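What follows is one structure encoded as structure tokens, with my remarks underneath.
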Amino acid sequence: MEHNRNFAERFDWKLAAILITFLIISLLAISSAQTTGQYGETNFVIKQLQWYFIGAFIIAFVMYFEPEQYKKMSWYLYGFGIFLLVLLIFMPEGQGQIGEPKNGAKSWYNLPIGSIQPSEFMKTFYILAAAKLISTHHEQFPNKTIKTDFLLLGKIGLTLLVPLALIMQQPDLGSSLVFIAITVALVIVAGISWKIIVPILAGGAGLAGTILMMAIYMQDFLAKYLGVKSYQLGRIYSWLDPYSYADKDGYHLITSLNAIGSGEIFGKGYMNREVYVAENHTDFIFSVIGEEWGFIGASFVICLYFLLIYHLTKITLTLKDPFCTYVCAGIIAMITFHVFENIGMTIQLLPITGIPLPFISYGGSSLMGNALAIGLVFSMKYHYRKYMFSANEDEL
């Protein structure tokens, strides 16, 4: 009987191997990044390894429960995530306090074990809630019409609105964009008519273009009437013309470009970096990879991400339960956007937003949040056969 297969047959060893490869790359890149002297005596390699162990525990814990249980808990988890975001607003902001802002954003709980960013967990909680919402909606309205599609779109929009508003006020543009990317993916896989999707996407693209033009030519208007901060505008200017802002907002991008470009084809070798990149163990870890391992090494990392996304997509296509399909689609969108935005911002394809590179950048919240999401995929793959065969078929 299929559901009596042992652990070795049910566990996703390929996905585990991909994650172990990311672990090795992460530890090598971080160990080299911290040799520049900007971090004092802190050993981020040991700390990253500790976060990976915690992440492995999270994956094992999440995998133990069946997807149906997460479907039942989805709204409770969503509510818990909202509670953490709201509570953060009221935390004291002074230096050393729980709600101490970092880089102008109040996005972390400053705890003795380290800084915890609730938005990283809220991404997965939102995916679960949206997946439950979409699957329930299709059960209630099996016959699709334009009216039911608009109704579903409105439900998804309301579900997105609350966490998006709370994260925007921190402010955290990078995480906000991740939520939007997840939503776009879920709207597409939910089967909403393209007659609705295309105008919305076109309108969104037009709005983004308008905002970009306003940022270039109407800075005073954005600052006065929309409350856009000068450092947010600076990220746009430094993206378009970093060398004109080399001593300010363009500094990070210029050093990143110099580091990656100097690696050429084969790189300078492990621990042989020459270009100083600030905070290169976190958001700019790809600059370390590009400089030390060159085009070959950077391409290997990108291919590894393609392999991860391809494997997750294969799992998604085999799942028979709609809820599981929507959850996996949201997780794929989340990881894909993280990779695209992080690598893109280090090579000037996209503005700098402070999004970490999944499974490689140093960071407990990012690693635990991604482990939570990947744990759900492990769970769906591990318990998959229970959704493939009925009880009667098992008895044959």
Side-chain angles (χ1 to χ4, degrees), residues 14 16-53 55-56 238-239 242-243 246-247 250-311 335-336 338-350 352-364 366-367 370:
K14 291 181 180 178
I18 293 172
L19 296 179
I20 292 172
T21 306
F22 276 123
L23 165 63
I24 296 171
I25 294 172
S26 177
L27 296 182
L28 288 175
I30 292 173
S31 66
S32 178
Q34 67 182 13
T35 60
T36 54
Q38 58 181 300
Y39 308 111
E41 299 298 324
T42 304
N43 191 333
F44 288 104
V45 175
I46 300 299
K47 297 182 71 174
Q48 181 77 340
L49 190 59
Q50 292 172 346
W51 288 124
Y52 252 100
F53 274 118
S238 62
W239 167 49
Y243 292 96
D247 58 339
Y251 173 76
H252 274 88
L253 179 55
I254 291 173
T255 55
S256 176
L257 291 172
N258 290 338
I260 295 173
S262 65
E264 298 183 344
I265 301 296
F266 299 103
K268 300 173 181 176
Y270 181 58
M271 293 282 190
N272 289 329
R273 286 177 303 103
E274 299 173 349
V275 181
Y276 175 87
V277 181
E279 300 296 328
N280 57 354
H281 69 309
T282 54
D283 299 341
F284 284 87
I285 195 73
F286 191 74
S287 67
V288 176
I289 296 171
E291 184 176 4
E292 293 191 350
W293 302 339
F295 177 81
I296 301 298
S299 297
F300 174 81
V301 171
I302 293 173
C303 288
L304 187 62
Y305 279 115
F306 272 115
L307 180 61
L308 171 63
I309 294 166
Y310 171 74
H311 186 72
I335 294 175
T336 302
H338 266 265
V339 174
F340 185 74
E341 168 58 31
N342 180 275
I343 295 178
M345 75 181 189
T346 62
I347 58 177
Q348 204 183 353
L349 285 179
L350 295 169
I352 295 174
T353 58
I355 289 180
L357 190 59
F359 305 109
I360 295 182
S361 290
Y362 171 79
S366 173
L367 198 49
N370 287 322

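Note that this is a predicted model, so its numbers are computed, not measured. When reading the values below, keep in mind they use all heavy atoms of this one structure, side chains included, and skip hydrogens, waters and symmetry mates. Numbering starts at 1 and runs along the sequence shown.
Within 6.0 Å of the CZ atom in F295, the count of heavy atoms belonging to other residues, nucleotides or ligands does not exceed 12.
The shortest side-chain heavy-atom distance between T255 and S287 does not fall under the 4.5 Å cut-off. At a threshold of 4.5 Å between non-hydrogen side-chain atoms, the residues Y270 and L28 count as touching. When side chains are defined from C-beta on, F359 counts as touching L308, because their heavy atoms get closer than 4.5 Å. Counting only heavy atoms from C-beta outward, the side chains of W239 and I352 never approach each other to under 4.5 Å. By the 4.5 Å heavy-atom criterion applied to side chains, I260 and I347 are counted as neighbours. The shortest side-chain heavy-atom distance between F286 and I360 does not fall under the 4.5 Å cut-off. Residues D283 and I355 form no side-chain contact, since every pair of their non-hydrogen atoms from C-beta on lies 4.5 Å or further apart.
Checked by atom type and distance alone, the side chain of S361 pairs as donor or acceptor with a backbone atom of T282 at under 3.5 Å. A donor-acceptor pair is defined here as one N or O able to donate and one able to accept, closer than 3.5 Å; no such pair exists between the side chain of N280 and the backbone of I285. Of the possible donor and acceptor atoms, one in the side chain of T21 sits under 3.5 Å from a partner among the backbone N and O of A17. S256 places a side-chain N or O within donor-acceptor distance of the main-chain N or O of T346, the cut-off being under 3.5 Å.
Remark: H311 pairs with D12, K14, L15, I18, I315 by the side-chain contact (heavy atoms from CB on, under 4.5 Å) rule, at least two apart or across chains. Every residue meeting the ring pair (Phe, Tyr, Trp, His ring centres under 6.0 Å) condition with F284, not counting sequence neighbours, appears here in chain and number order: H252.
Within the model, atoms OG1 of T353 and NE2 of H338 stand 9.0 Å from one another, a figure rounded to the nearest 0.5 Å. I25 contributes atom CD1, which lies 11.5 Å from atom CD1 of I30 (distance to the nearest 0.5 angstrom). Distance check, rounded to the nearest 0.5 Å: CG of L49 to OH of Y52 gives 10.0 Å. Between the CG atom in L357 and the CD atom in E341 there is a gap of 11.5 Å [rounded to 0.5 Å].
Counting all heavy atoms, side chain and backbone alike, S31 lies closest to M271 at O-CE, 3.6 Å. Between I289 and A29, the shortest heavy-atom contact is CG1-CB, 4.2 Å. The shortest non-hydrogen separation linking S26 to Q48 is OG-NE2, 3.0 Å. Counting all heavy atoms, side chain and backbone alike, M345 lies closest to G354 at SD-N, 4.0 Å.
Of the N and O atoms on the side chains of E274 and S262, not one donor lies less than 3.5 Å from an acceptor on the other residue.
The aromatic rings of F44 and Y362 sit perpendicular, their planes meeting at an angle over 60°, well past the 30° parallel limit.
Residue pairs that meet the side-chain hydrogen bond (donor to acceptor under 3.5 Å, both in side chains) test with at least one member in residues 291-306, sequence neighbours left out, are S32-E292, K268-E291, R273-E292.
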